[in-house]
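To start, the structure itself, in structure tokens.
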Amino acid sequence: MIIEFEKKDFNIKHIFECGQAFRWYDDGDHFTSIHKGKVIYIREEENKIYINSPLEDFDSKIWEKYFDLKKDYGKIKNSLIDNEELNKAKEFGYGIRILKQDEFETIISFIISANNMIPRIKKSIETISSMYGDLIFEDEKRRYYSFPSPERLASADPKDLRKYARVGFRDERIVTASKMLLEPSFNINLLKNMETDILREKLIELPGVGPKVADCILLFGFGRAEVFPVDVWIKRVMEELFIGEEVPKSKIKLYANKYFGNLAGYAQQYLFYYGRENNIGKERKKENKAK
DNA sequence: TAGCAGGACGTAA
DNA sequence: TTACGTCCTGCT
């Protein structure tokens with residue numbers, strides 16, 4: 001079974017490489033992605049996108065939701081302020097979409113992301129899935145495992161997470177957060193219905209979740225598109241392109257809100273991808289250090 | 001081999 | 001409220 005649609009505001013590479021997701025592979029002529037215990041192959045041809053699954057139980061609705069296909073990203077881009085630098089970023093990452101990822105997986109993934117780098121985060125998540133998830137499929141490239149349930153991760157030994165999944169000091173955080181997420185006050189349906197600021201406070205109760213990680217979870221796991229996560233990259237990019245001077249991390253959000261309003265999350269993705277791929281702000285940082 | 005990159009968190013000012 | 005040192009791994 002297959003989903004097929006017009007290639008408009010959709011670029012597979014942009015979607016997966018803009019730093020929002022970790023369970024995907026660039027397999028040359030196609031990308032492979034794992035989500036909610038399912039595997040898909042996704043490829044672009046001329047002006048069409050094809051998503052197909054090697055598994056029997058293919059539910060196109062899951063993937064429509066995951067890729068946010070109902071949303072008109074052209075319209076979003078047009079609604080963002082007309083700013084020269086932002087326009088460049090929009091053009092550069094023209095096919096970015098914000099994925100709607102599984103809530104639990106997003107929480108654990110971004111706890112792992114703290115003080116960490118994307119290739120290492122990907123490796124840790126892959127190992128964790130192979131240790132505590134279920135084998136769902138195998139092709140000539142690799143074996144695919146589902147991301148473990150909160151129950152499975154709650155009973156994991158932090159020492160194993162450290163030793164095999166190389167998560168370092170995040171080991172206890174992962175297990176404790178998984179345990180807390182099994183408590184009634186963290187019931188997923190309860191969380192889903194919370195107002196964004198309340199939900200952020202709730203998420204920060206989890207060990208390993210601070211303001212930045214909470215914002216990533218809100219944006220990528222709970223679909224709160226008005227949220228603007230501030231990491232070292234986006235800080236540099238905002239300072240370089242919009243603010244013109246170094247400001248504390250806490251101030252960056254105020255600028256984002258002023259410029260992008262409730263579309264801040266989309267702007268963040270275009271700017272993050274554009275800034276990181278082009279090393280924006282990094283040179284200036286080096287210069288400052290040399291002084 | 002030492003240095004660096006990357007957020008959370010505890011402590012101190 | 002802000003500023004700092006520490007927690008790890010993997011790369012150069």
Side-chain angles (χ1 to χ4, degrees), chain A residues 17-22 101 104-131 153 156-181 186 197 199-222 227-240 243 245-257 265 268-269 271-291:
Chain A
E17 292 188 352
C18 69
Q20 60 178 325
F22 306 103
Q101 302 181 64
F104 177 65
E105 179 174 336
T106 308
I107 292 169
I108 301 302
S109 298
F110 281 92
I111 287 175
I112 295 170
S113 81
N115 236 27
N116 211 341
M117 281 161 257
I118 292 169
R120 273 178 52 201
I121 302 164
K122 287 181 77 171
K123 246 182 227 168
S124 290
I125 294 171
E126 191 170 337
T127 307
I128 287 172
S129 300
S130 71
M131 287 168 77
L153 263 189
D157 185 343
K159 286 199 283 292
D160 291 335
L161 288 172
R162 184 179 284 242
K163 188 173 174 192
Y164 303 108
R166 318 297 291 167
V167 297
F169 57 82
R170 308 160 192 89
D171 56 354
E172 299 270 6
R173 299 175 179 181
I174 294 166
V175 176
T176 309
S178 299
K179 282 179 185 160
M180 287 172 70
L181 286 162
F186 276 99
D197 288 332
L199 178 53
R200 179 186 291 108
E201 291 311 307
K202 189 72 190 159
L203 290 169
I204 289 175
E205 287 178 24
L206 298 166
V209 180
K212 191 279 181 175
V213 169
D215 282 350
C216 287
I217 297 167
L218 287 167
L219 183 56
F220 307 130
F222 287 88
V227 172
F228 192 89
V230 180
D231 68 347
V232 286
W233 279 99
I234 206 76
K235 180 175 182 292
R236 281 182 214 141
V237 172
M238 286 297 286
E239 286 165 349
E240 185 82 17
I243 306 169
E245 59 174 332
E246 268 202 68
V247 296
K249 221 175 156 181
S250 52
K251 295 275 183 296
I252 304 275
K253 279 190 133 187
L254 301 175
Y255 284 95
N257 195 267
Q268 198 269 6
Q269 285 304 95
L271 289 170
F272 178 83
Y273 186 58
Y274 176 64
R276 206 190 47 180
E277 297 293 309
N278 297 289
N279 259 322
I280 290 183
K282 215 170 178 190
E283 287 310 309
R284 198 189 47 159
K285 196 192 163 204
K286 265 188 203 159
E287 285 162 28
N288 287 345
K289 235 179 181 174
K291 277 177 200 167

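Any value given below was found using the heavy atoms of this structure, including those in side chains, with hydrogens, waters and symmetry copies removed. Order of the sequence lines fixes the chain letters, A, B, ..., with proteins taken first and strands second; residue numbering starts at 1 for each chain.
- The environment of F169(A) atom CZ is dense: over 12 non-hydrogen atoms of other residues, nucleotides or ligands sit within 6.0 angstrom.
- In summary, of the residues considered (I174(A), L203(A), I112(A)), a side-chain contact (heavy atoms from CB on, under 4.5 Å) with I107(A) occurs for L203(A) alone.
- Sparse packing is recorded around NZ of K163(A), with 12 or fewer heavy atoms of other residues, nucleotides or ligands lying under 6.0 Å away.
- Bending across the helix from dA2(B)-dT12(C) to dA13(B)-dT1(C), expressed as the angle between its end axes from five pairs apiece, amounts to 40° (10° rounding).
- P248(A) comes within 4.0 angstrom of nothing in the nucleic acid, heavy atoms only.
- In this structure, E172(A) atom CD and dA8(B) atom P are separated by 18 Å, rounded to whole Å.
- When rounded to the nearest whole Å, the span between CG of D171(A) and C1' of dA8(B) equals 14 Å.
- Here the straight-line distance linking atom OG of S109(A) with atom CG of N116(A) works out to 11.5 Å at 0.5 Å rounding.
- When rounded to the nearest whole Å, the span between CG of N279(A) and P of dA5(B) equals 12 Å.
- No close placement of the F104(A) and F186(A) rings is indicated, their centers lying 6.0 Å or farther apart.
- The side chain of W233(A) places no N or O atom within less than 4.0 Å of a non-bridging phosphate oxygen (OP1 or OP2) of dA5(B).
- Side-chain N/O atoms of R276(A) include none lying less than 4.0 angstrom from OP1 or OP2 on dG6(B).
- For the pair L206(A) CG and dA8(B) C1', the interatomic distance rounds to 13 Å; values are reported in whole Å.
- The side-chain heavy atoms of R276(A) and V237(A), taken from C-beta on, include no pair separated by under 4.5 Å.
- When rounded to the nearest whole Å, the span between CG of L254(A) and P of dT1(C) equals 12 Å.
- Among the heavy atoms of the strands, none lies under 4.0 Å from I112(A).
- For the pair I111(A) CD1 and dA8(B) C1', the interatomic distance rounds to 10 Å; values are reported in whole Å.
- In this structure, I174(A) atom CD1 and dG7(B) atom P are separated by 16 Å, rounded to whole Å.
- When heavy atoms are screened at a 4.0 angstrom cut-off, D231(A) is found touching the sugar-phosphate backbone but no base atom.
- When side chains are defined from C-beta on, I217(A) does not count as touching L199(A), because their heavy atoms never get closer than 4.5 Å.
- Regarding K253(A), its NZ atom lies at a distance of 14 Å from the P atom of dG7(B), rounded to whole Å.
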Query raised in the report: With the sugar-phosphate defined as primed atoms, P, OP1 and OP2, and the base as all remaining atoms, what B/S/- string results for nucleotides 4-11 of chain C, 5' to 3', for protein heavy atoms under 4.0 Å?
Result: ---BBBS-

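- When side chains are defined from C-beta on, F228(A) does not count as touching N257(A), because their heavy atoms never get closer than 4.5 Å.
- Distance check, rounded to the nearest 0.5 Å: CG of D231(A) to CG of N115(A) gives 11.5 Å.
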